[in-house]
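Just so we're clear, the structure is a prediction, and the values are computed from it rather than from any experiment.
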Amino acid sequence: LLDLNHCTPEDTTRLARIHFWIGRAYYQRGEMREALGYYQKVLPVAQQTGDEKILAIPSGAIGQVLVVQGNLDKGSALLGQAIELFKKSARWPEWIQANSFYGAAMAGMGKYNQGLFATQDALSKSQEFQSFTGISVSQLCMGFVYFFVVVYGKSKEAEKRIMRALHWD
C-alpha cells in the first residue's frame, strides 16, 4: 500500500485522481455514501493543487449533501466553486443541479432573491436543453426557495417573483 507520509506531490495527485474515478463510479451507480467517502479524499488535494478536472464534481456532490443536511454555509461555498467550474467546462447537467441546490441554500440563509435567481437560471438552462431531470431538480429547489420565503422571509417581492416563475399567479 502507498505510504502517504512518503509520497511525492505527483503521487498524492495521482492517488487523488484514482480516488476521483472510484468515487465517480460509485456516484454513477447511485451509491452516494461510498462516492462521498472517496470525494472527501479528493477535495483537499484538488483544492491544494488547483486541479479543476477533479475539483468540480466532488465539490458539487459534497456541497449538495451538505445543503440537504442543513449545513448551508459550507454547502453553498462548495457549490459556488463547482458552479463556476461546471460553467467553464460547459458541463450543463451538473451546472443545473449545482445551481439549483445553491439557490435553495441561498434562500435558506435568507438571501431570497439570490436563491430565486439561481433556481430560475437553472430552470431556464434546463428548458433550453429540454432536460426533464434538470427541470425537475430546478423546480424542486425553487419549491424550497418558496418555502423559505413564505415561512421565514416574508419578502413580498420574492414571493411574487416565485409565484410568477412557478406559474401560480
Side-chain angles (χ1 to χ4, degrees), residues 20 23-24 26-28 30 32-33 35-36 39-40 42-44 46-169:
F20 169 82
R24 187 73 172 149
Y26 279 120
Y27 186 89
Q28 293 296 326
M32 288 303 294
R33 181 181 304 266
L36 290 171
Y39 285 164
Q40 288 172 334
V42 173
L43 196 57
Q47 288 173 327
Q48 181 182 8
T49 63
D51 188 338
E52 293 181 0
K53 291 181 181 177
I54 63 172
L55 182 58
I57 290 174
S59 296
I62 294 169
Q64 288 172 44
V65 168
L66 289 171
V67 167
V68 169
Q69 291 175 338
N71 195 337
L72 304 180
D73 278 343
K74 287 183 182 177
S76 64
L78 286 171
L79 287 168
Q81 177 178 315
I83 288 165
E84 291 306 312
L85 296 171
F86 289 144
K87 186 175 184 178
K88 184 177 178 180
S89 60
R91 296 184 66 114
W92 298 115
E94 290 91 348
W95 180 89
I96 290 166
Q97 189 159 338
N99 214 31
S100 296
F101 277 82
Y102 179 80
M106 288 293 101
M109 294 187 298
K111 300 173 183 175
Y112 308 114
N113 288 325
Q114 191 174 351
L116 182 57
F117 177 78
T119 54
Q120 283 179 325
D121 206 16
L123 179 59
S124 294
K125 186 63 77 175
S126 299
Q127 291 168 334
E128 177 184 331
F129 287 108
Q130 298 179 353
S131 167
F132 295 119
T133 302
I135 291 168
S136 298
V137 168
S138 56
Q139 286 187 328
L140 172 70
C141 290
M142 193 177 293
F144 283 114
V145 171
Y146 178 71
F147 171 79
F148 289 128
V149 167
V150 171
V151 173
Y152 298 111
K154 308 298 184 224
S155 169
K156 292 298 178 192
E157 176 194 342
E159 184 175 349
K160 287 177 187 174
R161 289 179 58 207
I162 290 169
M163 297 299 264
R164 282 195 304 272
L166 294 174
H167 305 290
W168 291 350
D169 52 353

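Ala56 approaches Leu85 most closely through the heavy-atom pair CB-CB, 3.7 Å. Gly103 and Val145 make their closest contact through O-CG2, 3.7 Å (heavy atoms, listed as atom of the first residue, atom of the second, distance).
Listed for the Ser126 side chain is a donor-acceptor partner under 3.5 Å among the backbone atoms of Gly134.
Crowding of Gln28 atom CD: a count of heavy atoms from other residues, nucleotides or ligands under 6.0 Å exceeding 12.
Applying the side chain to side chain donor-acceptor pair (under 3.5 Å) test to residues at least two apart or on different chains, the pairs with a partner in residues 72-81 are Ser59-Gln81. Legend: side chain to side chain donor-acceptor pair (under 3.5 Å) pairs involving residues 99-110, not counting sequence neighbours, sorted by first then second residue: Tyr102-Gln114.
Ring geometry for Tyr27 versus Tyr39: interplanar angle of 30 to 60°, hence tilted.
In this structure, Gln127 CD and Ser138 OG are separated by 7.0 Å, a value rounded to the nearest 0.5 Å. The distance from the CG atom of Leu140 to the CD1 atom of Ile135 is 13.5 Å, given to the nearest 0.5 Å. Separating the SG atom in Cys141 from the CD atom in Gln120 is a distance of 13.5 Å, to the nearest 0.5 Å. Going from atom OG1 of Thr49 over to atom CD1 of Ile54 covers 5.5 Å, rounded to the nearest 0.5 Å. Rounded to the nearest 0.5 angstrom, Leu123 CG and Met142 CE are separated by 5.0 Å.
Using a 4.5 Å heavy-atom threshold, the side chains of Asn71 and Val65 count as separate. In this structure, the side chains of Phe129 and Trp92 come closer than 4.5 Å at one or more pairs of heavy atoms. Asp121 places a side-chain heavy atom less than 4.5 Å from the side chain of Trp95. Side-chain contact check for Ile57 versus Phe20: some heavy-atom pair is nearer than 4.5 Å. Leu78 has its side chain within reach of Leu43: a pair of non-hydrogen atoms, C-beta onward, lies under 4.5 Å apart.
Between Glu94 and Lys88 there is no salt bridge, since no side-chain nitrogen of the basic residue lies less than 4.0 Å from a carboxylate oxygen of the acidic one. Using a 4.0 Å cut-off between charged nitrogen and carboxylate oxygen, Glu128 and Lys125 count as a salt-bridge pair.
With sequence neighbours left out, Gln64 forms a side chain to side chain contact (heavy atoms under 4.5 Å, CB included) with Leu79, Gln97, Phe101.
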